[in-house]
Visitor: 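Dropping the structure in here first, questions after.
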Amino acid sequence: MSSRTVTNVTARGVVDYCRSRGIASDGLLSAAGISPSLIAQAGARLSAEQAFALWDEAKRATGDPLIAHHVTGVLPFGTYRIADYLLLTGATPRDSLQKFIRSFPLVNNVFEMHLSISRGAAHLQLHSPYAPEGPAHFYVEFIFSMILARLRLAAGVDWHPKEVCFARSVRGAAYHPMFGCPVRFNGSENRMTLTRESADMPLPSGDAMLSEILDHYGQSLLKHSAKDEFLGDLRKVLADGFSRRG
């Protein structure tokens with residue numbers, strides 16, 4: 001997966017949410033430069049630029065400052081398949097996140113995700129190679145919202161992070177309802193911080209055997225994807241070389 005792409009599952013959620021607001025999908029996708037077939041095809045992936053353009057157009061069409069949170073609401077558990085179940089079956093949120101991060105490229109290989117542990121907290125960091133003031137920030141907010149929603153389901157309680165920080169600048173505090181905790185902007189990174197108590201609380205849905213099976217399966221899929229992409233790139237290079245010689 002050398003190119004930066006995302007699964008079309010999230011894009012379908014964006015389209016469905018906009019449709020619920022009376023916004024036609026054809027015009028939305030056309031404005032974002034996305035073919036409707038790319039949204040409908042199972043397993044298809046969008047380029048980073050297409051995904052960001054869709055979020056930007058959806059925000060413009062709906063005028064909704066909480067669009068990332070609301071799109072999370074139209075994507076039920078199970079939508080992301082392995083990724084969702086990895087968040088559900090870990091022994092603790094920390095365990096779930098560590099395994100989720102390993103398979104995260106199956107969903108999105110545009111951003112890099114890391115989990116670091118300090119004495120009193122666990123920090124989920126999301127690195128974006130794109131300007132924080134651009135439309136990529138909608139996707140960043142969505143990812144944190146989606147992960148939190150899945151972990152709340154796994155825990156069976158409506159717990160909250162200790163703090164959420166975004167690298168972009170913004171006025172006001174419109175995002176507090178999404179996370180139920182202090183939200184800071186103008187930071188140096190995108191980060192969701194959990195208390196150590198939250199990160200290490202036992203999850204009622206934890207299933208050690210299933211979690212390990214899913215983890216291994218996710219890594220297998222990633223290896224096959226990397227191999228398939230390498231072969232595809234090789235075929236393209238060879239085809240280009242022969243065409244120039246001809």
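Note that the structure is a prediction, hence the values are computed from the model and not measured. These numbers come from the heavy atoms of this one structure, side chains and all, not from hydrogens, waters or symmetry mates.
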Visitor: Of all the heavy-atom pairs spanning A68 and W55, show the shortest one and how long it is.
Guide: CA-CZ3, 3.9 Å

Visitor: Could you work out, with side-chain hydrogen bond (donor to acceptor under 3.5 Å, both in side chains) as the rule, every residue matching Q98, not counting sequence neighbours?
Guide: none

Visitor: Taking C-beta and beyond as the side chain, do F138 and L54 meet within less than 4.5 Å on heavy atoms?
Guide: no

Visitor: Under 4.5 Å between any side-chain heavy atoms of V74 and S20, yes or no?
Guide: no

Visitor: My understanding is that only residues two or more places apart in sequence, or in another chain, count here; which of them pass ring pair (Phe, Tyr, Trp, His ring centres under 6.0 Å) with F104?
Guide: F100

Visitor: Which value, rounded to the nearest 0.5 Å, describes the distance between H160 atom NE2 and T195 atom OG1?
Guide: 11.5 Å

Visitor: Tell me, with the steps shown, if Y130 and R4 meet side-chain contact (heavy atoms from CB on, under 4.5 Å).
Guide: CA-CA 12 Å; Y130 297 87; R4 290 174 174 165; 3.8 Å; yes

Visitor: Give the other cluster members for I213, using side-chain heavy-atom distances under 4.5 Å between Ile, Leu, Val, Met, Phe, Trp and Tyr residues; answer none if it is isolated.
Guide: M209

Visitor: Would you call the rings of F52 and Y139 parallel, tilted or perpendicular, where under 30° means parallel and over 60° means perpendicular?
Guide: perpendicular

Visitor: Does V14 reach the side chain of F142, with side-chain heavy atoms less than 4.5 Å apart?
Guide: no

Visitor: Could you measure the distance from the CG atom of D56 to the NZ atom of K59? Nearest 0.5 Å is fine.
Guide: 9.0 Å

Visitor: Is there a side-chain contact between L194 and L97 in this structure, where contact means two heavy atoms from C-beta onward sitting under 4.5 Å apart?
Guide: yes

Visitor: So which atom in T10 and which in V71 form the shortest heavy-atom distance, rounded to 0.1 Å?
Guide: O-CG1, 4.5 Å

Visitor: Can you tell me how far CG of L214 sits from OG1 of T89, rounded to the nearest 0.5 angstrom?
Guide: 5.0 Å

Visitor: List the atom of C18, the atom of A58, and the distance in Å for their closest heavy-atom pair.
Guide: SG-CB, 3.5 Å

Visitor: With distance as the sole criterion, is a donor-acceptor pair present between the side chains of E141 and H137 under 3.5 Å?
Guide: yes

Visitor: With sequence neighbours left out, write down each residue that passes ring pair (Phe, Tyr, Trp, His ring centres under 6.0 Å) with Y85, or none if nothing qualifies.
Guide: F77

Visitor: Any idea which heavy atoms bring M201 and A155 closest together, and the distance?
Guide: CE-CB, 3.6 Å

Visitor: Which residue pairs satisfy the salt bridge (charged side-chain N to carboxylate O under 4.0 Å, His left out) criterion with at least one member in residues 149-160, sequence neighbours excluded?
Guide: D84-R150, R152-D158

Visitor: Calculate, to the nearest 0.5 Å, the distance between atoms CD1 and CG belonging to I101 and L124 respectively.
Guide: 5.5 Å

Visitor: Would you mind writing out the side-chain donor-acceptor pairs for residues 23-38 within the sub-3.5 Å range, not counting sequence neighbours?
Guide:
| residue | atom | partner | partner atom | Å |
| --- | --- | --- | --- | --- |
| S35 | OG | S37 | N | 3.3 |
| S35 | OG | S37 | OG | 2.8 |

Visitor: Counting only N and O atoms by type, is there a donor-acceptor contact under 3.5 Å from the side chain of S211 to the main-chain atoms of D207?
Guide: no

Visitor: So, using ring pair (Phe, Tyr, Trp, His ring centres under 6.0 Å) as the criterion, who are the partners of H70 when residues are at least two apart?
Guide: Y17

Visitor: Please confirm whether the backbone N or O of D200 pairs with a side-chain atom of T92, one donor and one acceptor, at under 3.5 Å?
Guide: no

Visitor: Please tabulate, for side-chain N and O atoms in residues 179-190, each donor-acceptor pair with protein atoms closer than 3.5 Å (sequence neighbours left out).
Guide:
| residue | atom | partner | partner atom | Å |
| --- | --- | --- | --- | --- |
| R184 | NE | E163 | OE2 | 3.0 |
| E189 | OE1 | Q125 | NE2 | 3.4 |
| E189 | OE2 | R191 | NH1 | 2.6 |
| N190 | OD1 | A167 | N | 3.0 |
| N190 | ND2 | L126 | O | 3.3 |

Visitor: Could you report the tightest heavy-atom contact between L87 and A154, atom names first, then the distance?
Guide: O-CB, 3.8 Å

Visitor: Closer than 3.5 angstrom, by distance alone: can the side chain of R45 be matched with the main-chain N or O of L106 as a donor-acceptor pair?
Guide: yes

Visitor: Verify whether one side chain among T5 and S47 offers a donor that lies under 3.5 Å from an acceptor in the other.
Guide: no

Visitor: Using atom types as modelled, flag every donor-acceptor pair under 3.5 Å from a side chain in residues 110-120 to any protein atom, sequence neighbours excluded.
Guide:
| residue | atom | partner | partner atom | Å |
| --- | --- | --- | --- | --- |
| S118 | OG | A121 | N | 3.3 |
| S118 | OG | A121 | O | 3.2 |
| S118 | OG | H123 | NE2 | 3.3 |

Visitor: Kindly give the cluster partners of L203, where membership spreads through any ILVMFWY side chain lying under 4.5 Å from a current member.
Guide: none

Visitor: Residues in salt bridge (Lys or Arg N to Asp or Glu O under 4.0 Å) with R19, at least two apart?
Guide: D16

Visitor: Is the shortest heavy-atom distance from the side chain of S145 to the side chain of T72 under 4.5 Å?
Guide: yes

Visitor: Is there a side-chain contact (heavy atoms from CB on, under 4.5 Å) between V9 and V107 once you walk through the steps?
Guide: CA-CA 8 Å; V9 172; V107 176; over 6 Å; no

Visitor: Any side-chain to backbone donor/acceptor pair from S96 onto G90? Under 3.5 Å, distance only.
Guide: yes

Visitor: With a 6.0 Å cut-off (strictly less than), is the heavy-atom count around CZ of R12, excluding the residue itself, greater than 12?
Guide: yes

Visitor: Could you pull out all residues at least two apart from D64 that satisfy salt bridge (Lys or Arg N to Asp or Glu O under 4.0 Å)?
Guide: R21

Visitor: Can you tell me if N109 uses its side chain to pair, donor with acceptor, with the backbone of V6 under 3.5 Å?
Guide: no

Visitor: Specify the closest pair of heavy atoms between Y217 and I82, including all atoms of both residues, with the distance to one decimal.
Guide: CD2-CD1, 3.2 Å

